[in-house]
Amino acid sequence: MDKQSLLDERYMRMARIWAENSYCERRKVGALLVKDKMIISDGYNGTPSGFENQCEDEHNVSKPYVLHAEANAITKVARSGNSSDGATLYVTASPCIECAKLIIQAGIKRVVYGEQYRILDGVDLLRRAGIEVVYLSAETQKRGNAEAI
């Protein structure tokens, strides 16, 4: 296994752990922004700062103002004064179309995701924009870890 693949697996494991911070019940998603082998931002899905930590309504439907993990990581890096230009985004679920637009505009050049959502229009848009997209499933990761031992 090459060095980049090992790094991808490590950062994806970290993104999965970061997803555990989410208060969302239906799906917990985590994201890490990495540049020059340093984590420059992180995010998980949830409500905006200052809102209640409840993502779903009484019918178990996500509230319309819940932010995705990618959006949280991108806006967090923007507030920090760091640049995401040329960075890699590790996210536990494939980006939706809205997050894909943010990823493109943020100058992120590579996206590694760990779970395919039923709609892949975001992934298609990223590829159309020339962004490298890598699918790293949990099963692939487990096989890679077993081979590395």
Side-chain angles (χ1 to χ4, degrees), residues 1-56 60-123 125-126 131-146 148-149:
M1 186 175 277
D2 65 47
K3 191 171 186 172
Q4 185 61 58
S5 296
L6 286 171
L7 286 171
D8 286 349
E9 286 192 359
R10 287 179 186 146
Y11 286 125
M12 185 57 71
R13 279 196 309 271
M14 293 170 73
R16 286 189 175 102
I17 290 168
W18 201 244
E20 295 172 14
N21 289 317
S22 174
Y23 288 94
C24 296
E25 297 294 326
R26 291 177 55 224
R27 170 175 275 163
K28 295 178 183 293
V29 180
L32 294 178
L33 258 175
V34 177
K35 187 173 177 179
D36 301 325
K37 297 181 185 171
M38 292 187 306
I39 297 170
I40 60 170
S41 188
D42 53 58
Y44 51 87
N45 58 325
T47 57
S49 298
F51 282 67
E52 75 289 350
N53 286 325
Q54 188 175 355
C55 299
E56 295 84 13
N60 202 32
V61 175
S62 290
K63 294 177 180 176
Y65 51 86
V66 169
L67 291 161
H68 290 186
E70 306 94 318
N72 269 325
I74 290 168
T75 55
K76 188 174 180 180
V77 77
R79 288 182 70 178
S80 74
N82 284 327
S83 171
S84 56
D85 198 41
T88 296
L89 176 70
Y90 293 89
V91 62
T92 59
S94 56
C96 71
I97 193 84
E98 294 301 318
C99 287
K101 291 188 261 184
L102 291 173
I103 291 165
I104 294 165
Q105 291 302 97
I108 295 166
K109 295 299 179 204
R110 190 165 180 267
V111 174
V112 180
Y113 69 95
E115 179 186 324
Q116 289 191 336
Y117 189 61
R118 59 184 168 79
I119 302 168
L120 293 174
D121 54 356
V123 171
L125 184 64
L126 293 172
I131 293 172
E132 181 185 352
V133 179
V134 177
Y135 173 46
L136 184 60
S137 71
E139 292 77 34
T140 302
Q141 206 168 345
K142 285 177 190 170
R143 281 196 305 271
N145 288 340
I149 294 174

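Note that the structure is a prediction, hence the values are computed from the model and not measured. Reckoned from all heavy atoms, side chains included, excluding hydrogens, waters and symmetry mates. Residue numbers count from 1 along this sequence.
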Is there a side-chain contact between Y113 and V123 (heavy atoms, below 4.5 Å)? yes

Output for pair (K3 NZ, K37 NZ), nearest 0.5 Å, gives 4.0 Å

message = When you compare the side chain of M14 with that of I39, does any pair of heavy atoms fall below 4.5 Å?
response = yes

Any side-chain donor paired with an acceptor under 3.5 Å for Y44 and N72? no

(Q) Side chains of R26 and C55, heavy atoms from C-beta outward: is any pair under 4.5 Å? (A) no

Legend entry - Residues M12, V112; criterion side chain to side chain contact (heavy atoms under 4.5 Å, CB included); working and verdict: CA-CA 8 Å; M12 185 57 71; V112 180; 3.7 Å; yes

Of all heavy-atom pairs linking N45 and R27, the shortest is ND2-O, 2.8 Å

query: With a 4.5 Å limit on heavy-atom distance, are the side chains of R16 and T92 in contact?
result: yes

For I108 and A87, the nearest pair of non-hydrogen atoms, with its separation, is CG2-O, 3.3 Å

Is the backbone of E25 close enough, under 3.5 Å, to the side chain of E56 for a donor and an acceptor to pair up by distance? yes

Q) Does S41 offer a backbone N or O that forms a donor-acceptor pair with the side chain of K76 under 3.5 Å? A) no

Taking every heavy atom of G30 against every heavy atom of A69, the minimum-distance pair comes out as C-CB, 3.9 Å

Interatomic distance, NZ@K109 vs OG1@T88, rounded to 0.5 Å, equals 11.0 Å

In this structure, CG of L126 is separated from CD1 of I103 (nearest 0.5 Å) by 5.0 Å

Would you say T47's side chain and E52's backbone share a donor-acceptor pair under 3.5 angstrom?
-> yes

State, with a plain yes or no, whether a side-chain heavy atom of R13 is found less than 4.5 Å away from one of Y90. no

Could you go through residues 93-102 and list every donor-acceptor pair under 3.5 Å that involves a side-chain atom there, pairing it with any protein atom two or more places apart or in another chain?
| from | atom 1 | to | atom 2 | distance (Å) |
| --- | --- | --- | --- | --- |
| S94 | OG | Y117 | N | 2.9 |
| E98 | OE1 | K101 | NZ | 3.4 |
| E98 | OE2 | K101 | NZ | 3.1 |

Requested in this report: Side-chain contact test, heavy atoms from C-beta onward, threshold under 4.5 Å: evaluate it for T75 versus L67 and give yes or no.
Outcome: no

Across all chains, not counting sequence neighbours, the ring-ring contact (aromatic ring centres under 6.0 Å, His included) partners of F51 are Y65

Tell me if a side-chain donor or acceptor on K35 pairs with a main-chain N or O of D85 at a distance below 3.5 Å.
yes

Heavy atoms of A15 and L32 approach each other most closely as N-CD1, 3.8 Å

| said: Whether the side chain of D2 engages the backbone of Q4 through a donor-acceptor N/O pair (distance < 3.5 Å, no angle test) should be reported. | reply: yes

